[in-house]
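What follows is a set of notes on a single structure, which appears directly below.
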Amino acid sequence: MESPARPIEFRGSSLQDLSRFPAAARRKAGFQLFLVQQGEDPDDWKPMSDVGPGVKEIRIREKDGAFRVFYVATFQRAIFVLHCFQKKTQQTSAGDKELAKRRYKELIREMKR
């Protein structure tokens with residue numbers, strides 16, 4: 001029997017931020033998160049250990065630009081989406097990393113309760 005996919009929990013404004021992606025980027029992000037739910041890696045990702053242990057970045061390229069989804073899938077309860085944003089420069093901004101890092105720390109505190 002197949003094990004059910006783990007739920008996805010969006011932290012902070014990440015769901016609203018994702019909903020503002022252009023339709024094609026939103027669809028791709030949804031499919032990549034579905035792969036993660038199935039226990040697979042996204043098609044294009046990289047570790048973001050400076051945000052937190054186990055945090056990964058899904059990379060999406062579209063004609064409208066580059067889009068990113070930071071998530072962590074190391075907890076049994078769910079896959080947690082920490083931050084969704086459009087990249088404006090080659091390097092991920094410190095502000096985007098800081099926001100994801102803050103949400104990760106809040107998540108860890110909640111898990112310890």
Side-chain angles (χ1 to χ4, degrees):
M1 188 168 132
E2 227 175 275
S3 62
R6 279 189 295 163
I8 293 177
E9 287 188 27
F10 290 88
R11 307 296 293 183
S13 64
S14 59
L15 180 57
Q16 294 89 336
D17 298 336
L18 179 62
S19 72
R20 287 196 274 281
F21 281 15
R26 207 170 47 241
R27 268 193 305 279
K28 283 184 180 175
F31 180 70
Q32 297 306 312
L33 288 168
F34 170 76
L35 290 176
V36 174
Q37 282 183 296
Q38 304 309 307
E40 297 177 36
D41 280 329
D43 294 331
D44 186 3
W45 68 276
K46 75 175 196 177
M48 295 300 290
S49 51
D50 52 337
V51 171
V55 176
K56 294 180 180 178
E57 172 188 65
I58 297 172
R59 303 186 292 196
I60 298 164
R61 287 197 188 339
E62 273 301 311
K63 63 177 173 38
D64 298 319
F67 299 87
R68 300 294 185 259
V69 177
F70 287 178
Y71 74 95
V72 60
T74 55
F75 303 105
Q76 276 306 116
R77 186 175 102 198
I79 293 154
F80 295 94
V81 174
L82 302 172
H83 187 33
C84 302
F85 60 100
Q86 181 171 6
K87 262 184 96 165
K88 305 287 187 200
T89 60
Q90 199 61 25
Q91 198 158 356
T92 301
S93 80
D96 285 315
K97 286 183 184 177
E98 279 306 312
L99 177 59
K101 199 179 291 190
R102 194 167 62 244
R103 289 178 179 167
Y104 182 83
K105 286 178 181 171
E106 289 167 4
L107 173 62
I108 298 301
R109 275 197 301 274
E110 283 178 29
M111 298 298 245
K112 289 181 177 175
R113 284 188 208 144

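Because the structure is predicted, anything quoted here is derived from the model rather than measured.
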Provide the closest heavy-atom pair for [X] versus [Y] in the form atom of the first, atom of the second, distance.
X: Ser14; Y: Cys84; answer: O-SG, 3.6 Å
X: Arg61; Y: Lys28; answer: O-NZ, 3.7 Å
X: Val51; Y: Lys97; answer: CG2-O, 4.2 Å
X: Pro42; Y: Leu35; answer: CA-CD1, 4.3 Å
X: Arg6; Y: Ala78; answer: NH1-O, 3.7 Å
X: His83; Y: Ala100; answer: CB-CB, 4.1 Å

Query raised in the report: Hey, does Arg109 have a side-chain heavy atom less than 4.5 Å from the side chain of Lys112?
Result: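 Lys112 does not reach Arg109 side chain to side chain.
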Query raised in the report: Heavy atoms, side chains only, cut-off 4.5 Å: are Arg59 and Val69 in contact?
Result: no
Requested in this report: Check whether Ile108 and Val72 end up in the same hydrophobic cluster, where Ile, Leu, Val, Met, Phe, Trp and Tyr are linked by side-chain heavy atoms less than 4.5 Å apart.
Outcome: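 Yes, because Ile108 and Val72 connect within a single hydrophobic cluster, where side-chain heavy atoms sit under 4.5 Å apart.
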Query raised in the report: Cluster question for you: counting only ILVMFWY and a side-chain heavy-atom cut-off of under 4.5 Å, with indirect links fine, are Ile58 and Val55 together?
Result: no
Could you check whether any side-chain N or O of [X] sits under 3.5 Å from a backbone N or O of [Y], counting only pairs where one atom can act as donor and the other as acceptor?
X: Tyr71; Y: Ile8; value: no
X: Lys87; Y: Gln90; value: yes
X: Lys56; Y: Met48; value: no
X: Gln37; Y: Gln32; value: no

Query raised in the report: Does CD in Gln16 sit with more than 12 non-hydrogen atoms of other residues, nucleotides or ligands closer than 6.0 Å?
Result: yes
Query - Neighbour count >12 (heavy atoms, 6.0 Å) for atom CZ, Phe75 - result: yes
Report task. Please test Glu57 against Trp45 for side-chain contact (heavy atoms from CB on, under 4.5 Å), starting from the C-alpha separation and ending with a verdict. Result -> CA-CA 5 Å; Glu57 172 188 65; Trp45 68 276; 6.0 Å; no
Report task. Kindly determine whether Ser13 and Arg103 satisfy side-chain hydrogen bond (donor to acceptor under 3.5 Å, both in side chains), including the steps that lead there. Result -> CA-CA 10 Å; Ser13 64; Arg103 289 178 179 167; 3.0 Å; yes
Requested in this report: Could you walk me through whether Leu18 and Val81 pass the side-chain contact (heavy atoms from CB on, under 4.5 Å) test, one step at a time?
Outcome: CA-CA 10 Å; Leu18 179 62; Val81 174; over 6 Å; no
State the [atom1]-[atom2] distance between [X] and [Y], to the nearest 0.5 angstrom.
X: Leu82; Y: Leu107; atom1: CG; atom2: CG; result: 7.0 Å
X: Leu33; Y: Gln38; atom1: CG; atom2: CD; result: 11.5 Å
X: Leu99; Y: Asp17; atom1: CG; atom2: CG; result: 8.0 Å

Query - Lys/Arg-Asp/Glu bridge criterion (N-O < 4.0 Å) met for Arg11, Glu110 - result: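 A salt bridge links Arg11 with Glu110.
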**Report entry** Lys/Arg N to Asp/Glu carboxylate O, Asp96 vs Arg68, below 4.0 Å
**Finding:** no
Report task. Please test Ile79 against Glu9 for side-chain contact (heavy atoms from CB on, under 4.5 Å), starting from the C-alpha separation and ending with a verdict. Result -> CA-CA 6 Å; Ile79 293 154; Glu9 287 188 27; over 6 Å; no
Query raised in the report: Between Phe10 and Phe80, does the ring centroid distance fall short of 6.0 Å?
Result: no
Query - Check against side-chain contact (heavy atoms from CB on, under 4.5 Å), Met111 and Arg77 - result: CA-CA 10 Å; Met111 298 298 245; Arg77 186 175 102 198; 3.7 Å; yes
Query raised in the report: Name the one of Phe67, Phe21, Phe70 that satisfies ring pair (Phe, Tyr, Trp, His ring centres under 6.0 Å) with Phe85?
Result: Phe70
